[in-house]
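What follows is a single structure, written as structure tokens, with notes after it.
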Amino acid sequence: MKKINIFFLVVGIVVGIVAATLLHLRIITVGPMEKGSLADWLSAIGTILAVITSLYFSRSWNKNYVRFYIDNDMLVINNLSTHEVALKIVKGSGLLEYNSQSLIRLRPVNVTKEKFIQDFDEFGPYTERLDTATIQLKEGIEDGIIKFHDEVRDVYFKVKLKKDDQNNFSIVKQGHMFMRVFY
């Protein structure tokens with residue numbers, strides 16, 4: 001639905017610019033209207049395509065706003081955006097020591113909560129990051145794919161894990177998925 005709205009917005013802007021230009025040329029010129037050369041038309045089309053491309057990239061730059069990495073057999077998830085993220089495991093919950101029915105809620109980037117001293121063994125207050133979550137990976141697993149769904153923005157993320165010869169995990173590929181996949 002959003003793509004249709006954007007398409008009609010762009011078409012409306014182009015038609016409005018062309019109509020205003022034609023009206024302006026008709027008012028200025030007394031004689032017959034000049035249609036312009038091929039170079040004029042190609043430069044106009046190139047300008048319109050450049051504007052459409054820049055609007056597309058400015059809209060889609062923040063798709064990978066969630067970052068995944070491995071730290072000591074833990075899958076660490078960071079929220080890099082200024083909005084809250086609510087991730088649910090869609091596929092691959094067998095790879096994780098986690099209840100796949102609950103949501104992983106991440107606050108916006110750099111949101112922290114200060115914890116104060118509870119007893120005399122602690123040295124002082126420390127901060128807990130609320131934009132990061134960690135999940136333990138299961139020991140006996142091999143390579144696999146984990147898919148998450150952000151229920152706030154309706155975006156799907158895919159993380160491909162691989163185990164090397166020293167039994168250490170690494171992320172081979174991560175990113176958002178272009179199409180919604182129903183399971």
Side-chain angles (χ1 to χ4, degrees), residues 1-11 48-115 118 122 125-183:
M1 191 67 172
K2 292 179 183 178
K3 292 180 181 179
I4 293 172
N5 292 339
I6 292 172
F7 172 76
F8 283 117
L9 174 71
V10 171
V11 169
I48 291 170
L49 289 176
V51 168
I52 291 171
T53 304
S54 66
L55 288 174
Y56 171 76
F57 283 121
S58 69
R59 183 181 164 271
S60 65
W61 74 272
N62 201 14
K63 290 275 187 183
N64 291 327
Y65 54 89
V66 176
R67 183 181 62 180
F68 303 90
Y69 63 92
I70 301 292
D71 185 23
N72 295 332
D73 290 339
M74 300 284 282
L75 178 66
V76 182
I77 307 168
N78 279 38
N79 180 7
L80 303 176
S81 72
T82 56
H83 302 287
E84 185 174 345
V85 173
L87 295 176
K88 185 169 188 174
I89 301 171
V90 177
K91 182 180 178 185
S93 60
L95 303 172
L96 306 171
E97 298 282 346
Y98 190 76
N99 182 6
S100 63
Q101 299 300 320
S102 58
L103 289 176
I104 303 166
R105 294 202 176 270
L106 302 173
R107 300 296 301 261
V109 67
N110 293 330
V111 173
T112 58
K113 178 172 80 173
E114 192 168 279
K115 295 220 173 200
Q118 300 295 324
E122 296 181 17
Y126 64 94
T127 56
E128 175 188 6
R129 292 189 60 176
L130 300 177
D131 61 348
T132 302
T134 57
I135 304 173
Q136 178 69 43
L137 295 169
K138 286 189 179 177
E139 298 242 350
I141 62 169
E142 294 299 321
D143 305 343
I145 295 175
I146 306 170
K147 293 181 183 175
F148 295 93
H149 175 234
D150 180 10
E151 295 188 348
V152 175
R153 291 191 187 175
D154 196 25
V155 175
Y156 289 83
F157 293 95
K158 180 178 175 180
V159 179
K160 186 174 182 181
L161 298 173
K162 185 172 184 167
K163 204 173 210 182
D164 61 9
D165 296 334
Q166 289 83 25
N167 286 331
N168 295 324
F169 285 102
S170 63
I171 294 179
V172 178
K173 187 175 183 182
Q174 65 177 320
H176 71 282
M177 296 169 54
F178 290 103
M179 291 186 281
R180 289 176 54 168
V181 180
F182 297 100
Y183 298 98

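This is a predicted model, so every value here is computed, not measured.
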Look at the aromatic rings of Phe68 and Phe148 and report parallel, tilted or perpendicular, splitting at 30° and 60°. parallel

To the nearest 0.5 Å, what is the distance between CD1 on Ile135 and CE on Met74? 8.5 Å

More than 12 heavy atoms of other residues, nucleotides or ligands under 6.0 Å from NZ of Lys163: is that the case? yes

Approximate separation, where rounding is to 0.5 Å, of Thr132 OG1 and Asn78 CG: 4.0 Å

For the CZ atom of Arg67 and the CZ atom of Phe157, what is their distance to the nearest 0.5 Å? 13.0 Å

In Å and rounded to the nearest 0.5 Å, what is the CG to CD1 distance from Leu137 to Ile70? 5.0 Å

Considering residues, nucleotides and ligands other than Asn72, do more than 12 of their heavy atoms fall under 6.0 Å from its CG? no

Are the side chains of Asp154 and His149 in touch, meaning some heavy atoms are under 4.5 Å apart? yes

Do Glu151 and Leu103 come within less than 4.5 Å of each other through their side chains, counting heavy atoms only? yes

Answer yes or no: is there a side-chain heavy-atom contact under 4.5 Å between Tyr65 and His83? no

Identify the residue among Asp143, Ile145, Ile171 that makes a side chain to side chain contact (heavy atoms under 4.5 Å, CB included) with Leu161. Ile171

Report the C-alpha separation of Ile77 and Val85 in whole Å, then their side-chain angles, then the decisive distance to 0.1 Å, and conclude whether the side-chain contact (heavy atoms from CB on, under 4.5 Å) test is met. CA-CA 11 Å; Ile77 307 168; Val85 173; over 6 Å; no

Are the side chain of Asp150 and the backbone of Ala86 linked by a donor-acceptor contact shorter than 3.5 Å? yes

Taking salt bridge (charged side-chain N to carboxylate O under 4.0 Å, His left out) as the test, write out the residues that go with Glu84, two or more places apart. Arg105

For the residue pair Pro108 and Asn79, what are the closest heavy atoms and their distance? CA-ND2, 3.7 Å

